[in-house]
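Here the structure comes first, spelled out in C-alpha cells, and everything after it is commentary.
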Amino acid sequence: MTDPIVTLATSAQFPHLDKDEQNLPDALRERGMEPRIAVWDDPSVNWEDAGVVVVRSVRDYARDRKAFLKWAHSVPRILNSANTMDWNTDKHYLKDLAALGLPTIPTLWLEPEQHLSKQQIHSRFPASGDFVVKPAVSSGGRDTGRYTATDAKSRADAIEHALAELSEGHSVMVQRYLEEIDRQGETSLIYFNGLAEYQVDKEPMLHPSFHNMEETGVVEEVLRSTAADEKVWRWGEKIRKAIHGHMKNRTGRDELHLFTRVDIVRGDEHSDSEFYVMEVSLIDGSLYLDADEEYLERFADAIQMRVFW
C-alpha cells in the first residue's frame, strides 16, 4: 500500500515554500504521507494526481485572481475549498463580516465604476489622523500604503496611489489607521480543523510613510508567540463561528476549514469596540509555524487527520 500523496501548493516566488514551512514535508513524511511541492500555475503539474492539495505560499494570487480561482476549482481535493477561496480572495468579505455584527475597521470603498476624480477622492479621505490605502484584492502586504491626512504631500501621494489602482480596474480600500497598533501590534489567532491552536502577537508592519509597491516583496513580520489570552480567544471564537456559519449559508455545505487565521487589533480611545477584525486568512496567510517548534507539528497533525479521515 502506497502512502497517500499530499501536495503543498506554492507560487514561483516560493518554489520551496515560505521559510517557516520548509520543514513541513519532512513532518508529513514522518506521519505516513508522501509530500510534494508544486507551483499552482505550473502547466506541467498534473493536479489529478496531486492527492490532497494544501494551499500555502500562493502569495501571487492577486496578480491574476481569476486564473487562480479557475485553478482552485479544477483541483479535485483542495484545502481550504475553492468556494472558500472565492470569498476570501477579495477583501469585500469584510462587508459580510460587518453584516454579521462583527466589529470591522470602518472602510471606505472606492470602485473603478465610480470614475472618481482627484478632487472626489481627496474629499473622501479622512480629515485627520493616519489612514491606509490598499487594493481589495491583495496578498502579502503588496500595494499597501500608510498616509497622514493632514500632510499635503502624503495626502497627494495617497490620491495618486488610489488613482493608480482604480485605473487598473482594482477596487480600493481606505481605512483609518488605529494608533493602538503602534503601541500593541496585531494579534493572529490560528485554528486547525476548527480548533483553537495558538496565538501570535506581531509588531506593527505599517510604520509611518510605509509603502509596499513591490511586485514580489512580502513584508517580513517580527513576531512572538504568546500565552493564550482568554478575552482575545473569546473574540476569536466569535469570529470563527460567524465565518463558519456564513460559509455554510453561502455554499450550502458545512465545511471544516483545515486552517483559519484571524487577525485582530485592539481599539483605541476613538474606537467603538474593544477589538476589531483586521483580516481573515483562509488561503495563503502565514501560520507562523516557526514561532514555536510545536506549531509545525500541530499543523502536520491537522493535515494527517484530514488525509486519513
Between [X] and [Y], is any pair of side-chain heavy atoms under 4.5 Å apart?
{"X": "Y61", "Y": "M85", "answer": "no"}
{"X": "V54", "Y": "R306", "answer": "no"}
{"X": "H92", "Y": "E111", "answer": "yes"}
{"X": "H161", "Y": "K134", "answer": "no"}
{"X": "V45", "Y": "W71", "answer": "no"}
{"X": "S286", "Y": "E21", "answer": "no"}
{"X": "P135", "Y": "V172", "answer": "no"}

Q) Any salt bridge between R298 and D301, counting N to O under 4.0 Å? A) no
Q. Taking NZ, NE, NH1 and NH2 as the nitrogens, is one of them in R31 or E297 under 4.0 Å from a carboxylate oxygen of the other?
A. yes
Q.
Under 4.5 Å between side-chain heavy atoms, counting indirect links through other Ile/Leu/Val/Met/Phe/Trp/Tyr residues: same cluster for L166 and I159 or not?
A. yes
Q. For the hydrophobic clusters of this structure (ILVMFWY residues joined by side-chain heavy atoms under 4.5 Å, transitively), does one cluster hold both I283 and V277?
A. no
Q: Start with the C-alpha gap between Y191 and E237, add the side-chain angles, then the distance that decides, and say whether side chain to side chain contact (heavy atoms under 4.5 Å, CB included) holds.
A: CA-CA 9 Å; Y191 297 82; E237 185 60 12; 3.3 Å; yes
Q) Among Y288, Y198, F259, which one satisfies ring pair (Phe, Tyr, Trp, His ring centres under 6.0 Å) with Y295? A) Y198
Q) Looking at T260, D263, L102, which one forms a side chain to side chain contact (heavy atoms under 4.5 Å, CB included) with I239? A) L102
Q.
R59 vs D18, test: salt bridge (Lys or Arg N to Asp or Glu O under 4.0 Å). Steps then yes/no.
A. CA-CA 10 Å; R59 305 283 166 74; D18 201 353; 3.1 Å; yes
(Q) In terms of relative ring orientation, are W87 and Y93 parallel, tilted or perpendicular, with 30° and 60° separating the classes? (A) tilted
Q.
Please confirm whether the ring centroid of F125 lies under 6.0 Å from the ring centroid of F131.
A. yes
(Q) Return the CD to CG distance between Q199 and L189, rounded to the nearest 0.5 Å. (A) 5.5 Å
Q.
Quick check for you: to the nearest 0.5 Å, what is the distance between T7 atom OG1 and R56 atom CZ?
A. 14.5 Å
Q) Just by distance, with hydrogens left out, do N83 and T251 show a side-chain donor and acceptor under 3.5 Å apart? A) no
Q | Atom of D41, atom of D60 and distance for their closest heavy-atom approach | A | OD2-OD2, 4.4 Å
